[in-house]
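The basis for the numbers below is simple: all heavy atoms, side chains too, and nothing from hydrogens, waters or symmetry mates.
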Amino acid sequence: MLRGWATLAVLGIAASLAAGCKSPPTQAEMGAYNYGPRPDNYEKLIRDYMWPKLLDPGNAIVDFKAGPRELFQQDTTLRPLQYGWGVCVVINDKNTQGAYDGPYPMVFFIRDGKVVAVNGGSDDNVIGWRFARTGCNELGAPFVTP
């Protein structure tokens, strides 16, 4: 148990250091990529992507908070570069006992009609959860833990 907490602490420190070493991307860096057309069907794309990943997809609460908006995530030692139409979604799924576990943020990157990358979610790690919160903040929907 202690080893797990120590690993999480090390990952958290590494994420902080990695994030602190990068300067924010310039407009030229962000504009150098083709984001493709803005997806009109982004809600369906995300729901279809999430359906097999949720424990109780029929009863999961999927709250679209912000986007789609062009979103650029710099390459770091912990995550590869991502870009596309970013969408911030807050999800509350039921657990195996049938109770809601509590909401968590996710950020989806959509390009050319497909979900190409995701930050956050129940199957991600501390780093992904941090990137999800950061992405939601950038999209204009800060996630506040209830």
Restricting to ring pair (Phe, Tyr, Trp, His ring centres under 6.0 Å), what partner residues turn up for Tyr83, sequence neighbours left out?
Tyr33, Tyr35
For [X], what residues pass the side chain to side chain donor-acceptor pair (under 3.5 Å) criterion, not counting sequence neighbours?
X	answer
Asn41	none
Gln82	none
Asn92	none
Lys94	none

List for me each residue that meets salt bridge (Lys or Arg N to Asp or Glu O under 4.0 Å) alongside Asp112, sequence neighbours excluded, and say none if there are none.
none
For Asp56, enumerate each residue passing the salt bridge (Lys or Arg N to Asp or Glu O under 4.0 Å) test, keeping only those at least two apart in sequence or located in another chain.
none
Just grab all the disulfide bond (SG atoms under 2.5 Å apart) pairs involving residues 51-138, residues at least two apart or on different chains.
Cys88-Cys136
Side chain to side chain contact (heavy atoms under 4.5 Å, CB included) partners for Arg38, two or more places apart
Asp40, Pro68, Trp85
Check: [Y] and [X] side chains under 4.5 Å, non-hydrogen atoms:
X	Y	value
Asp93	Tyr100	no
Val87	Phe64	yes
Ile91	Tyr104	yes
Ile110	Val116	no

How long is the straight-line distance from [atom2] of [Y] back to [atom1] of [X], given to the nearest 0.5 Å?
X	Y	atom1	atom2	value
Phe143	Lys65	CZ	NZ	9.0 Å
Phe108	Asn119	CZ	CG	10.0 Å
Asn34	Arg111	CG	CZ	9.0 Å

Could you pull out all donor-acceptor pairs under 3.5 Å where a side-chain atom in residues 43-53 meets a protein atom, sequence neighbours excluded?
{"unit_1": "Lys44", "atom_1": "NZ", "unit_2": "Asp48", "atom_2": "OD2", "d": "2.5"}

Transitive ILVMFWY cluster of Leu55 at side-chain heavy atoms under 4.5 Å: who else is in it?
none
Any link between Val107 and Val62 through a network of hydrophobic side chains (Ile, Leu, Val, Met, Phe, Trp, Tyr) touching at under 4.5 Å?
no
If hydrophobic clusters are built by linking Ile, Leu, Val, Met, Phe, Trp and Tyr wherever their side-chain heavy atoms come under 4.5 Å apart, do Leu54 and Tyr42 end up in the same one?
yes
Could you go through Leu139 and Leu71, starting from their C-alpha distance and side-chain angles, then the distance that decides it, and tell me whether this counts as side-chain contact (heavy atoms from CB on, under 4.5 Å)?
CA-CA 8 Å; Leu139 291 166; Leu71 186 62; 4.1 Å; yes
Scan residues 115-125 for pairs that pass salt bridge (charged side-chain N to carboxylate O under 4.0 Å, His left out), counting only residues two or more places apart or in two chains.
Arg79-Asp124
Any sub-3.5 Å donor-acceptor pair from Arg69's side-chain atoms to Glu138's backbone N or O?
yes
